[in-house]
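Take a look at the structure set out below.
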Amino acid sequence: MRAVARDVRLKNGQIDLVMRDGETLVLVEVKARRGSGYGLPQDAVDGRKLARLRRLAETYQLLHPSLGADLRVDVVAVDLDGAGRPGRCQHIPDVLV
């Protein structure tokens, strides 16, 4: 995969990362949590957030049709240590399936 853009702001929200994986346009939602008191980072990507990500993905794709017809949304979950440094990272591909 290669990076296309980061922190993209659209009128209906923000995209953390835009990537290309071959001919596929990949939008990446990055979630981080310090400790497990609020659940796992990926737990924050609920149905409402997924619906927003789908709308953002479709909007971005319409604005940039040359970046690929195939579309995927991934999540990167990051566990932070007590000092806020990243620890374990988990890549969860294709969360909209």
Side-chain angles (χ1 to χ4, degrees):
M1 273 200 285
R2 70 175 180 84
V4 173
R6 66 183 192 126
D7 296 326
V8 176
R9 296 189 189 281
L10 301 171
K11 66 179 182 176
N12 54 341
Q14 177 187 348
I15 302 168
D16 293 332
L17 296 169
V18 178
M19 309 287 285
R20 282 283 302 270
D21 187 6
E23 294 300 313
T24 302
L25 179 64
V26 182
L27 277 66
V28 180
E29 176 71 12
V30 179
K31 286 295 180 188
R33 291 285 183 270
R34 186 177 302 172
S36 60
Y38 293 101
L40 299 173
Q42 60 269 31
D43 293 341
V45 185
D46 58 10
R48 187 170 63 173
K49 183 65 174 180
L50 287 174
R52 179 181 292 198
L53 288 170
R54 181 182 303 275
R55 287 190 304 272
L56 285 167
E58 291 167 354
T59 300
Y60 193 85
Q61 195 174 32
L62 286 172
L63 293 171
H64 303 280
S66 65
L67 290 178
D70 294 329
L71 182 64
R72 188 175 89 214
V73 176
D74 294 359
V75 171
V76 172
V78 181
D79 293 320
L80 303 174
D81 67 13
R85 294 182 301 251
R88 187 180 73 105
C89 292
Q90 181 181 5
H91 174 226
I92 306 164
D94 215 0
V95 297
L96 292 181
V97 172

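In this text the structure is predicted, and so the values were computed from the model without any measurement. The figures here come from the full heavy-atom set of this structure, side chains too, leaving out hydrogens, waters and symmetry mates.
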Above 12 or not: heavy atoms from other molecules or residues under 6.0 Å from CZ of Arg6?
-> no

Please answer: with hydrophobic residues joined when any side-chain heavy atoms are less than 4.5 Å apart, are Leu17 and Leu80 in the same cluster?
-> yes

ILVMFWY network linking Leu27 to Leu50, side-chain heavy atoms under 4.5 angstrom | yes

With a 4.5 Å heavy-atom cut-off, do Leu63 and Leu10 have their side chains touching?
-> yes

Do Leu71 and Leu53 sit in the same hydrophobic cluster, where Ile, Leu, Val, Met, Phe, Trp and Tyr count as joined when their side-chain heavy atoms come under 4.5 Å apart?
-> yes

Answer yes or no: is there a donor N or O on one side and an acceptor on the other, between the side chain of Asp16 and the main chain of Asp7, under 3.5 Å?
-> no

At what distance, to the nearest 0.5 angstrom, does CD of Gln42 lie from NE2 of His91?
-> 12.5 Å

Qualifying residues under side-chain hydrogen bond (donor to acceptor under 3.5 Å, both in side chains), relative to Asp43, sequence neighbours excluded = none

Among Arg54, Arg52, Lys49, which residue meets the salt bridge (charged side-chain N to carboxylate O under 4.0 Å, His left out) test with Glu29?
-> Lys49

Residues at least two apart in sequence or cross-chain that pass salt bridge (charged side-chain N to carboxylate O under 4.0 Å, His left out) with Arg9, listed by chain then number, are none

Interatomic distance, CG@Asp94 vs CG@Asp74, rounded to 0.5 Å, equals 7.0 Å

According to a 4.5 Å side-chain heavy-atom criterion applied to Ile, Leu, Val, Met, Phe, Trp and Tyr, with indirect links allowed, do Val18 and Val76 form part of one hydrophobic cluster?
-> no

How would you list, by chain and number, every residue that makes a salt bridge (charged side-chain N to carboxylate O under 4.0 Å, His left out) with Arg48, sequence neighbours excluded?
-> none

Among Val26, Leu25, Thr24, side-chain contact (heavy atoms from CB on, under 4.5 Å) partner for Leu67 = Leu25

Which pair of non-hydrogen atoms, one from Ala44 and one from Arg33, has the smallest distance, and what is that distance?
-> CB-NH2, 3.0 Å

Provide the closest heavy-atom pair for Ala77 versus Pro41 in the form atom of the first, atom of the second, distance.
-> CB-CB, 3.7 Å

Test salt bridge (Lys or Arg N to Asp or Glu O under 4.0 Å) on Asp70 and Arg72 and set out the steps.
-> CA-CA 7 Å; Asp70 294 329; Arg72 188 175 89 214; over 6 Å; no

If two hydrophobic side chains count as joined below 4.5 Å and joins carry through other members, does Met1 share a cluster with Val30?
-> yes

Step by step, would you call Val95 with Val73 a side-chain contact (heavy atoms from CB on, under 4.5 Å)?
-> CA-CA 6 Å; Val95 297; Val73 176; 3.8 Å; yes

Asp81 to Ala83 - nearest heavy-atom pair and separation = OD1-N, 2.9 Å

Quick one: pull up OG1 in Thr59 and NE2 in His64 and give me the separation to the nearest 0.5 Å.
-> 10.5 Å

